[in-house]
Amino acid sequence: MMIQTRTLVTTKDGEKIAIWKIVDNAKDNTKDESKTDVLTTDAPRVKAQNILLTHGTFSDKQTCLRIAHYLAQLGHHCYIMEWRGHGASSIPTDKFNFETVATYDFEATFRYLFTELTVDNLHCVTHSGGGACLTMFLIQHPQYINHINSISMFACQVYGAIVSSKNHVKILAVKTLNRMLGYLPANRLKLGPINESYYTMNQWYEWNLNKDFKSSFIQQSEFDTTTIDQNTPSNIASENTPSHTVSHNRHFDYRQHMSMITTPIYAISAKGDHFISPTRGCQLFFDKFANPNNVFREYAISHGDLDDYTHSRIMISRNAATEIWPTVTAWIEKHAR
């Protein structure tokens with residue numbers, strides 16, 4: 001029987017973040033370590049692993065729920081984190097962007113998992129912007145890097161969406177529409193269930209238009225001279241601080257520090273994702289981690305796969321469940337401890 005429970009954790013800026021625990025109480029592979037996983041390997045199954053999943057923009061836990069059920073049925077313990085303003089998490093009164101989620105929501109979640117639950121292993125599975133936020137969080141808090149066994153990133157890119165002049169025009173058009181409306185109507189545009197504000201999305205537009213991965217509120221000098229992991233992050237300005245208050249060339253550049261993340265990464269891209277996370281953009285992002293043990297894989301019919309996939313289908317479709325989810329399981333179990 002699948003058991004789903006919710007815990008609300010409090011961020012350092014006072015928001016409530018929903019963490020859903022998904023377990024199958026009929027599956028406890030620690031009782032029978034000789035059990036074989038026919039989907040992925042003929043080797044004996046590992047003990048139950050803890051897996052943190054998170055979505056990206058326009059989404060909530062539903063993006064991660066089906067694969068979480070799949071992993072739980074294999075005996076693992078899954079936790080889904082919902083961003084502020086998404087799903088069962090609190091609706092913030094202040095504006096927020098990707099970096100706010102990385103700085104506060106991920107910090108509260110990791111603090112809960114490692115300090116309160118005292119987990120002894122953790123794997124991360126992310127979709128789209130969830131991977132970008134995890135990357136920023138780990139650069140801010142490198143003490144967690146060696147405590148994460150593996151990372152699987154579905155359709156994640158930050159600064160490589162513009163692979164053609166058509167993409168450039170499209171991003172400018174969507175940015176203009178977003179600015180005019182104040183938000184993007186996710187359902188009408190078939191993006192997902194959650195509308196996103198211009199303030200949230202503008203960071204993604206700027207990263208891709210400028211082809212960089214710079215902070216909106218951390219200065220390089222602050223990162224060099226202070227520890228970002230503080231009980232009260234006084235060295236980080238409010239997420240509402242106008243960008244013109246900081247000299248642009250002093251913005252902290254996350255891209256220059258991605259190689260410090262030595263956790264094994266399995267990056268997955270979709271050939272049919274032509275706008276949000278095209279394969280070339282995912283590859284550019286992946287390459288900056290610079291770990292020879294990492295694996296990059298584009299799924300496409302031309303590679304003998306079942307689908308060219310799109311940005312959402314790469315994570316939630318039946319074909320993904322058939323041919324991609326087992327490879328994520330294999331990656332997790334390969335790096336289990």
Side-chain angles (χ1 to χ4, degrees), residues 53-68 70 80 82-83 86-87 97-98 101 124-135 151-164 166-175 177-178 183-196 200-205 207-209 213 265-286 296-303 305-325 327-328:
L53 304 97
T54 193
H55 56 82
T57 50
F58 309 105
S59 307
D60 55 19
K61 72 170 182 176
Q62 296 301 323
T63 296
C64 304
L65 195 57
R66 288 188 61 210
I67 189 172
Y70 168 84
I80 302 175
E82 291 186 300
W83 296 16
H86 296 68
N97 57 25
F98 290 75
V101 172
C124 295
V125 177
T126 68
H127 182 246
S128 192
C133 292
L134 175 64
T135 299
I151 298 171
S152 299
M153 289 184 176
F154 284 80
C156 181
Q157 76 80 29
V158 171
Y159 42 80
I162 299 178
V163 295
S164 67
K166 181 179 179 180
N167 282 51
H168 188 268
V169 171
K170 192 171 183 179
I171 287 180
L172 287 175
V174 173
K175 179 179 180 179
L177 174 66
N178 199 171
Y183 69 96
L184 282 179
N187 281 317
R188 288 180 60 187
L189 296 175
K190 298 181 180 180
L191 294 170
I194 309 295
N195 296 335
E196 297 291 359
T200 296
M201 293 305 301
N202 189 51
Q203 191 168 44
W204 185 85
Y205 304 141
W207 282 336
N208 283 282
L209 291 170
F213 192 16
I265 295 173
Y266 174 36
I268 298 162
S269 75
K271 186 174 182 180
D273 189 345
H274 300 300
F275 176 55
I276 300 175
S277 298
T279 290
R280 197 171 92 190
C282 293
Q283 182 78 61
L284 287 171
F285 188 70
F286 171 84
F296 184 88
R297 173 78 154 84
E298 178 194 53
Y299 281 84
I301 292 174
S302 60
H303 298 330
D305 303 317
L306 297 174
D307 195 347
D308 279 342
Y309 295 101
T310 61
H311 189 69
S312 60
R313 289 208 314 269
I314 193 69
M315 180 82 162
I316 64 177
S317 66
R318 290 183 180 179
N319 283 344
T322 299
E323 68 179 355
I324 302 176
W325 295 359
T327 68
V328 173

Asks: Got Ile268 and Val328 here, is their nearest side-chain heavy-atom distance under 4.5 Å?
Replies: yes

Asks: Are the side chains of Arg313 and Asn319 in contact, using a 4.5 Å heavy-atom criterion?
Replies: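 Counting from C-beta outward, Asn319 and Arg313 never come under 4.5 Å.
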
Asks: Mind telling me whether His127 and His311 have parallel, tilted or perpendicular rings, with 30° and 60° as the class edges?
Replies: tilted

Asks: Is there a donor-acceptor contact under 3.5 Å from the side chain of Trp83 to the main chain of His55?
Replies: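 Yes, because the side chain of Trp83 sits within donor-acceptor range (under 3.5 Å) of the backbone of His55.
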
Asks: Is there a donor-acceptor contact under 3.5 Å from the side chain of Glu196 to the main chain of Phe58?
Replies: yes

Asks: Tell me if a side-chain donor or acceptor on Asp308 pairs with a main-chain N or O of Ile301 at a distance below 3.5 Å.
Replies: yes

Asks: Taking only residues two or more places apart in sequence, or in another chain, which ones meet Ser312 in a side-chain hydrogen bond (donor to acceptor under 3.5 Å, both in side chains)?
Replies: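 Ser312 satisfies side-chain hydrogen bond (donor to acceptor under 3.5 Å, both in side chains) with no other residue.
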
Asks: Atom CD1 in Ile265, atom CZ in Phe296: separation rounded to 0.5 Å?
Replies: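 It comes to 12.0 Å.
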
Asks: Under the side chain to side chain contact (heavy atoms under 4.5 Å, CB included) criterion, do Lys271 and Asp305 qualify, and how do the steps go?
Replies: CA-CA 11 Å; Lys271 186 174 182 180; Asp305 303 317; over 6 Å; no

Asks: As a quick check of understanding, evaluate side chain to side chain contact (heavy atoms under 4.5 Å, CB included) for Trp204 and Thr57, giving each step before the final call.
Replies: CA-CA 10 Å; Trp204 185 85; Thr57 50; over 6 Å; no

Asks: For Asn167 and His274, indicate whether the former's side chain and the latter's backbone hold a donor-acceptor pair under 3.5 Å.
Replies: yes

Asks: Are Ile314 and Asp273 close enough that some pair of their side-chain heavy atoms sits under 4.5 Å apart?
Replies: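 They are not in side-chain contact.
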
Asks: May I ask you to decide if the ring planes of Phe213 and Trp207 are parallel, tilted or perpendicular, using 30° and 60° as cut-offs?
Replies: perpendicular

Asks: Nearest 0.5 Å, please: how far is CD1 in Ile80 from CG in Leu65?
Replies: 5.0 Å

Asks: Output a table of donor-acceptor pairs, distance under 3.5 Å, between side-chain atoms of residues 151-162 and any protein atom two or more places apart or on a different chain; print 'none' if there are none.
Replies:
residue: Gln157; atom: OE1; partner: Tyr159; partner atom: N; Å: 3.0
residue: Gln157; atom: OE1; partner: Gly160; partner atom: N; Å: 2.5
residue: Gln157; atom: OE1; partner: Ala161; partner atom: N; Å: 3.2
residue: Gln157; atom: NE2; partner: Asn208; partner atom: OD1; Å: 3.1
residue: Gln157; atom: NE2; partner: Ile276; partner atom: O; Å: 3.0
residue: Tyr159; atom: OH; partner: Leu284; partner atom: O; Å: 3.3

Asks: Cationic tip of Arg297 within the cone over Tyr299's six-membered ring, i.e. under 6.0 Å and within 45° of the normal?
Replies: yes

Asks: Go through the steps for Leu172 and Tyr205 under the test side chain to side chain contact (heavy atoms under 4.5 Å, CB included), then give the verdict.
Replies: CA-CA 8 Å; Leu172 287 175; Tyr205 304 141; over 6 Å; no

Asks: Holding to side-chain hydrogen bond (donor to acceptor under 3.5 Å, both in side chains), I want the full list of residues that pass it with Gln62, two or more places apart in sequence or in another chain.
Replies: none

Asks: Quick one: does Glu298's side chain have a donor or acceptor within less than 3.5 Å of a partner on Thr279's backbone?
Replies: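 No: the side chain of Glu298 does not pair with the backbone of Thr279.
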
Asks: What pair of heavy atoms forms the shortest contact from Ala186 to Asn195, and how long is it?
Replies: N-OD1, 2.8 Å

Asks: Could you give the distance from OG1 (Thr63) to CE (Met315), rounded to the nearest 0.5 Å?
Replies: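 Those atoms lie 7.0 Å apart.
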
Asks: Could you tell me the separation between the OH atom of Tyr183 and the CG atom of Leu177, rounded to the nearest 0.5 Å?
Replies: 9.5 Å

